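Notes follow once the structure below has been shown.
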Amino acid sequence: MRSFLFVPADSERKLAKGPLSGADGLILDLEDSVALDRKATARDMALSYLRSANRTGGPKLYIRVNALDTGLTLADLAVVMQGRPDGIVFPKCIGQRDIDLLATYLDALEAREGIAPGTTRILTIATESAAAVLALTAAPARHDRLIGHSWGGEDLMADLGALAKGPAPGVYDDTFKLARTINLMASVAAGVTAYDTVYPDIKNVEGLRAEAQDARRMGYGGKIAIHPDQVAIIHEVFTPSAGEVDWAKRVVATFEGNPGAGVLTLDGKMLDKPHLVLARRLLAQAG
């Protein structure tokens, strides 16, 4: 999955428009985009949406619950798990301990709803505090339910007392570069997809494209959107091009034609096993 789009769960208009964006996944948000006095309403609307949505040809449906420190997480899960979401987006996650706790909640709620064990996936937002960044550095979080880690800058900025993430949109100070890098490393170590953070300047199309290209060059596999118009650009960047797919196919074919070789050449350039790993990854992404 290349893209997720945040949709406030208490907005009928935005919920209706979400699938039209073409995003691979929608995140029905119960957290930051929903006021405290609307939380219960948002839960009920998310459940109604889950029950009525096209679950075969439409986007995957994830729910961002409220963070553990709010005391609202279990109440969120108790309602939305009745609708069998594809996954849970877990904000302000602090490493392995929090993922294990969420997974325990999901075990119980899947049993209550008759959902096959382990079906509900987890996407974390894994860098929203200094403690979270340090936890990922010490021990990359893993779990069978985990599909990816995303990094978040806004809450991290507040936690650090930073005045901004950097001097300009998409230009990060070292603190936020560190969070972005650690999120990528932790994702790779866990064998899951790294998702780049949201780009808040909705009208800055070229800024979004540049940040997405930077993330893909680093090794990120996708990006989260906050506006439907951002999805097409994210797909453009994170979908391997025809030239990349052709190169990858030829690399694989070259190695398959020379099974005992460690180093080969293609188009006058050296190939070794890391090129084969990259080629297979590109073909998997294209598929």
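Not measured: the values here are computed from a predicted model.
Applying the 6.0 Å contact sphere to CE of Met185 captures no more than 12 heavy atoms from other residues, nucleotides or ligands. Leu163 CG: 12 or fewer foreign heavy atoms inside a 6.0 Å radius. Sparse packing is recorded around CZ of Arg280, with 12 or fewer heavy atoms of other residues, nucleotides or ligands lying under 6.0 Å away. Enclosure of atom CG in Asp144 is not indicated, since only 12 or fewer non-hydrogen atoms of other residues, nucleotides or ligands lie within 6.0 angstrom.
One finds the CG atom of Leu102 at 9.0 Å from the CG atom of Asp98 (value rounded to the nearest 0.5 Å). Interatomic distance, Arg121 CZ to Leu146 CG, rounded to the nearest 0.5 Å: 8.0 Å. Put simply, CG on Leu5 and CD1 on Ile224 are 10.0 Å apart, with the number rounded to the nearest 0.5 Å. With rounding to the nearest 0.5 angstrom, the CD atom of Glu154 is 13.0 Å from the CG atom of Asp159. Atom CD of Glu128 and atom CG of Leu156 lie 8.5 Å apart (nearest 0.5 Å). Atom CD1 of Ile226 sits about 11.5 Å away from atom CD1 of Ile27, to the nearest 0.5 Å.
A salt bridge between Asp86 and Arg55 is present, with a side-chain N of the basic residue lying under 4.0 Å from a carboxylate O of the acidic one. Salt bridge annotation for Asp214-Arg217: present, with a cationic side-chain nitrogen under 4.0 angstrom from a carboxylate oxygen. The pair Asp196-Arg180 meets the salt-bridge criterion, with a side-chain N (NZ, NE, NH1 or NH2) lying under 4.0 Å from an Asp/Glu carboxylate O. For the pair Glu211 and Lys223, the salt-bridge criterion is met [side-chain N within less than 4.0 Å of a carboxylate O]. Taking the charged nitrogens against the carboxylate oxygens, Glu244 and Arg216 do have a contact shorter than 4.0 Å, which makes a salt bridge. For the pair Lys165 and Asp173, the salt-bridge criterion is not met [side-chain N within less than 4.0 Å of a carboxylate O].
There is no side-chain donor-acceptor pair under 3.5 Å between Gln285 and Thr239.
Listed for the Gln230 side chain is a donor-acceptor partner under 3.5 Å among the backbone atoms of Tyr199. Side-chain atoms of Arg84 come within 3.5 Å of backbone atoms of Glu113 as a donor-acceptor pair (strictly under, hydrogens ignored). A distance-only check finds no donor-acceptor pair linking the side chain of Gln82 to the backbone of Leu47 [under 3.5 Å]. In this structure a side-chain-to-backbone donor-acceptor pair under 3.5 Å is present from Asp29 to Ser33. A donor-acceptor pair is defined here as one N or O able to donate and one able to accept, closer than 3.5 Å; no such pair exists between the side chain of Asn66 and the backbone of Thr73. Judged purely by atom type and a 3.5 angstrom limit, Arg145 has no side-chain atom pairing as donor or acceptor with the backbone of Gly87. With Ser11 contributing its side chain and Pro8 its backbone, the two residues share no donor-acceptor pair below 3.5 Å. Listed for the Lys60 side chain is no donor-acceptor partner under 3.5 Å among the backbone atoms of Asp24. Using modelled atom types, one side-chain atom of Ser187 and one backbone atom of Asn183 make a donor-acceptor pair closer than 3.5 Å.
Cluster membership for Val277 and Leu283, using ILVMFWY side-chain heavy atoms within less than 4.5 angstrom, is not shared. Val237 and Val231 are not part of a single hydrophobic cluster, where members link through side-chain heavy atoms under 4.5 Å apart.
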Report, one line per pair, each donor and acceptor closer than 3.5 Å where one atom sits in a side chain of residues 251-258; sequence neighbours left out.
{"from": "Thr254", "atom 1": "OG1", "to": "Arg250", "atom 2": "O", "distance (Å)": "2.7"}
{"from": "Asn258", "atom 1": "ND2", "to": "Thr254", "atom 2": "O", "distance (Å)": "2.9"}

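Annotation: side chain of Thr193 is not in contact with side chain of Met1 (no heavy-atom distance under 4.5 Å). The shortest distance between side-chain heavy atoms of Leu282 and Trp247 falls below 4.5 Å. Counting heavy atoms from C-beta outward, Thr120 and Glu110 have side chains that approach closer than 4.5 Å. Between Pro19 and Leu26 the shortest side-chain heavy-atom distance falls below 4.5 Å. Within the 4.5 Å cutoff, no side-chain heavy atoms of His275 are placed close to those of Leu278. When side chains are defined from C-beta on, Ile233 counts as touching Val205, because their heavy atoms get closer than 4.5 Å. Considering only heavy atoms from C-beta on, Phe176 comes within 4.5 Å of Leu160 through its side chain. Residues Leu72 and Arg43 have side chains in contact (heavy-atom distance under 4.5 Å, counting atoms from C-beta outward).
The shortest heavy-atom contact between Ala141 and Ile99 is CB-CD1, 3.4 Å.
In this view, Phe4 and Tyr62, Tyr195 satisfy the ring-ring contact (aromatic ring centres under 6.0 Å, His included) rule, not counting sequence neighbours.
Results of the side chain to side chain contact (heavy atoms under 4.5 Å, CB included) test with Arg64 over Leu30, Asp32, Leu28 single out Asp32 as the only residue that passes.
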